[in-house]
There are 2 protein chains.
Amino acid sequence: MAISIKDVAQRAGVSVATVSRVFSNGPVSPELRERVEKAIAATGYRPNLSARRLRSQHSQTIGLMVADIRSPFFTALSRVVEDEAYRSGMRVILCNTDESTDRETMYLRLMEEERVTGLIWAPTRGSLERLADEDLPFPVVLVDRGGPVGRHDSVVLDNHQATATLVHHLHAIGRSRIVGLFGNTSSTAIDRHLGYLAATASLGLSSEAFFVAPSAEAAEREILKVFSRPDRPDGVIASSNLMLLGVVKAMRRLVLRTPDDVAIAGFDNETWSELVGPGLTVIEQPVGDIGRMAMTLLFDRLKAPKAPARKVMLSGRLIVRGSTAPVTGLVDEPVD
Amino acid sequence: MAISIKDVAQRAGVSVATVSRVFSNGPVSPELRERVEKAIAATGYRPNLSARRLRSQHSQTIGLMVADIRSPFFTALSRVVEDEAYRSGMRVILCNTDESTDRETMYLRLMEEERVTGLIWAPTRGSLERLADEDLPFPVVLVDRGGPVGRHDSVVLDNHQATATLVHHLHAIGRSRIVGLFGNTSSTAIDRHLGYLAATASLGLSSEAFFVAPSAEAAEREILKVFSRPDRPDGVIASSNLMLLGVVKAMRRLVLRTPDDVAIAGFDNETWSELVGPGLTVIEQPVGDIGRMAMTLLFDRLKAPKAPARKVMLSGRLIVRGSTAPVTGLVDEPVD
DNA sequence: AAGCTTCATGTAATCCTTTTCAATGGCTTT
DNA sequence: AAAGCCATTGAAAAGGATTACATGAAGCTT
């Protein structure tokens, strides 16, 4: 049997209430406080968090539900969320949904059973639709994938704007046949597609969009197919980091040069982005800000459960590198 | 007030014990079981995990403590561990220690308070030493960083062997001045250093090792310094993924060609490893196997707490790419 | 000096389950 | 038909903390 608060109380010659108050910085005389602290040190007592949570009805736990922690954006996000959470004395439960609504449903049930204080969630498109009507027994902040401002708070990149920026950039370096490659599971992809359409239209460019599973392999396969046609594009925009890698692989397979034959650009800046090929042009997402803002929205929501839902959009930053350098006959060095 | 097991019992016209038995597949007549299940569905009841844990004394929780989830090896590891855990009805608490022993100590205390079933841990060197004497109130499986087989189970790469493989490979393509770059916080780096020393010695090669913080920036700085000397190495082995990236960056800065001027190789295979420069030669760690083995060791330990500690070593796989292609005057295509 | 407030402390109820133990009722056995 | 057994079921204890409420002492006011 482990040491409980009773043992500490007995040893210090006080009631359990006093021991509890020492932990919660309640009113305790310096003398008793010291006796209790000695007893804690002597016994090696550690409070039982399950008991504490049960009685206090505060789980001090937040859920984080993403498609796959291995996706760089989510990796970075989880790190920020955990830092912020631990800083305010909360724990994080991480769930990988693999873009499956079934798993999302299962994990939502788990979140309920854990009585989480709140949930930070990048939902699939399917769940996002259902969320519009349904209420959950805990506050939710959507990240990365927001949809229209509904009943839940959300914080997302300005995807429309960001994608338009990429299109304009490719246009500025002289590309006119720019295709877009988008994921088929997230609302993010939809927003980026719309931005792509708007920008190509406003520039009077042709547009052609492809939707595939959000993986390097699927992207590579699709691009190989697209580029096997006679009328080759001269620019590609990929809607995620992994898909961008797929595009690069396809270019290698096709022995096409970047940026001379095809300029390519995408999303998310990573340590290795400047080292792949001639350096990859990307929109950098402010992951740190996104994560912190999500936590802020969540805490605000806890304070004011009835306040209207907020949708926060953050802007991305274009980082131009060799993969979209103007063609000069010479492969440029990467640019920061 | 949320719905509790009492409400369900009342609605189904049974005792709370019966409801509990329905959840734990205890002996309940089909008739009552159905009534209870109807009541559960009607009320939307979800068991309270804190209460369950408190009473049953099983937290069904395992801790995972790593330096930084953003480090690719740990990202992959965490994904495997979580999958395995959820599969057997457990949940995971993830902690980032940032290589700080203070944070490790803090999180260890948290693990105690959570009454974790077990801990999977990549400890810093400092903690590893302390672990040799100290016991913890829950079983621990060390991953990635094991030290000598002590009182705790561990599963690690055969780092000695793996590094020797890299040295022999560089030697085979004609390199003789091979320097090693190692992290200064983990035992892994020590093992790799020893493998490096043994291999260079057995081949009659000179050896020179550098120890830096395990980051791309520190690695880049150190390499710039090393290569500013007159007698330039012709091969570099980096002890981690991030450090390998630092080496690549340094090469770019120095305008040295890979592999013509300097051959480079390192650890961990990632999606982008084949796309950086001419493709990076690496030792691929069997992350999946490592994670699953860690879980197996943990579950075995729970069944047999007194059994002697086990140290499992898994072998890495050499993946040769352009960064160590034999010099032919031509930059090779990446090879799988 | 009586009465009131304030503060530290203890007692006991409470949070929600699981689990032990006793009771019930239907069968089988002799 | 009495005894014994098995399978279900319910009542109540237990798990370890927090917290509402009661208590008592000390300090202050008038």
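No hydrogens, no waters, no symmetry mates; every other heavy atom, side chains included, goes into these values. All chains are named by letter (A, B, ...) in the order of the sequence lines, taking the proteins before the strands, and each is independently numbered beginning at 1.
Rounded to an integer number of Å, the gap from CD1 of A:I3 to C1' of D:dG15 is 16 Å. Distance B:E31 CD to D:dA7 P: 19 Å, rounded to the nearest Å. Here the C1' atom of nucleotide D:dG10 and the NZ atom of B:K6 are 14 Å apart, to the nearest Å. Put simply, CD on A:Q10 is 15 Å from C1' on C:dG10, counting in whole angstrom units. Here C:dC15 presents its C1' atom at 15 Å from CD1 of A:I5, a figure rounded to the nearest Å. The CD1-C1' distance, from B:I40 to C:dC16, rounds to 15 Å in whole Å. Atom CG in A:N48 sits roughly 18 Å away from atom P in D:dA14 (whole-Å rounding). Atom CZ in A:R35 sits about 11 Å away from atom C1' in C:dT9, given to the nearest Å.
Set against C:dA8, C:dT17, C:dG10, the side chain of A:P27 has C:dA8 as its closest nucleotide. Here C:dT18 is the nucleotide among C:dG10, D:dT9, C:dT18 with the atom lying nearest to any side-chain atom of B:V16. Across D:dA20, D:dG10, C:dT18, the shortest atom-to-atom separation from the side chain of A:R21 is found for D:dA20. Closest to the side chain of B:V14, from the set D:dG10, C:dT9, D:dG16, is D:dG10. Picking from D:dG16, D:dT18, C:dT19 the nucleotide with the shortest atom distance to the side chain of A:S56 gives D:dT18. Of all nucleotides listed (D:dG16, C:dT19, C:dT17), C:dT17 comes nearest to the side chain of A:R115. Each of D:dT19, D:dG10, D:dG16 was ranked by its minimum atom distance to the side chain of A:A51; first place goes to D:dG16.
For the pair A:S4 and D:dG16, the criterion of a side-chain N or O lying under 4.0 Å from OP1 or OP2 is not met. For the OP1/OP2 pair of D:dG16 and a distance below 4.0 Å, the side-chain nitrogens and oxygens of B:Q57 include at least one atom meeting the criterion. Taking 4.0 angstrom as the limit, A:S29 places a side-chain polar atom (N or O) nearer than this to OP1 or OP2 of C:dT9. Dashed line: the shortest gap from a side-chain N or O of B:S20 to OP1 or OP2 of C:dT17 is not under 4.0 Å. Between A:T18 and C:dG10, a side-chain N or O to OP1/OP2 separation shorter than 4.0 Å is present. Listed pair B:R55 / D:dA14 fails the phosphate criterion, with no side-chain N or O lying under 4.0 Å from OP1 or OP2.
Summarising the geometry, atom CZ belonging to A:R91 is positioned 13.0 Å from atom CG belonging to B:L94; distances are rounded to the nearest 0.5 Å. Taken to the nearest 0.5 Å, the CG atom of B:D102 stands 9.5 Å off from the CE atom of B:M106.
Between the side chains of B:E114 and B:T61, not a single donor N or O lies within less than 3.5 Å of an accepting N or O.
Comment: A:D83 does not engage A:R87 in a salt bridge, judged by the lack of any side-chain N to carboxylate O separation of less than 4.0 angstrom. A salt bridge links B:E34 with B:K38: at least one charged nitrogen is closer than 4.0 Å to a carboxylate oxygen.
No engagement by A:L49 is indicated, since no non-hydrogen atom pair under 4.0 Å with the nucleic acid exists. Residue A:R33 is classed as having no contact, given no heavy-atom separation below 4.0 Å to the nucleic acid.
At least one donor-acceptor pair closer than 3.5 Å links the side chain of A:S59 to the backbone N or O of A:R115.
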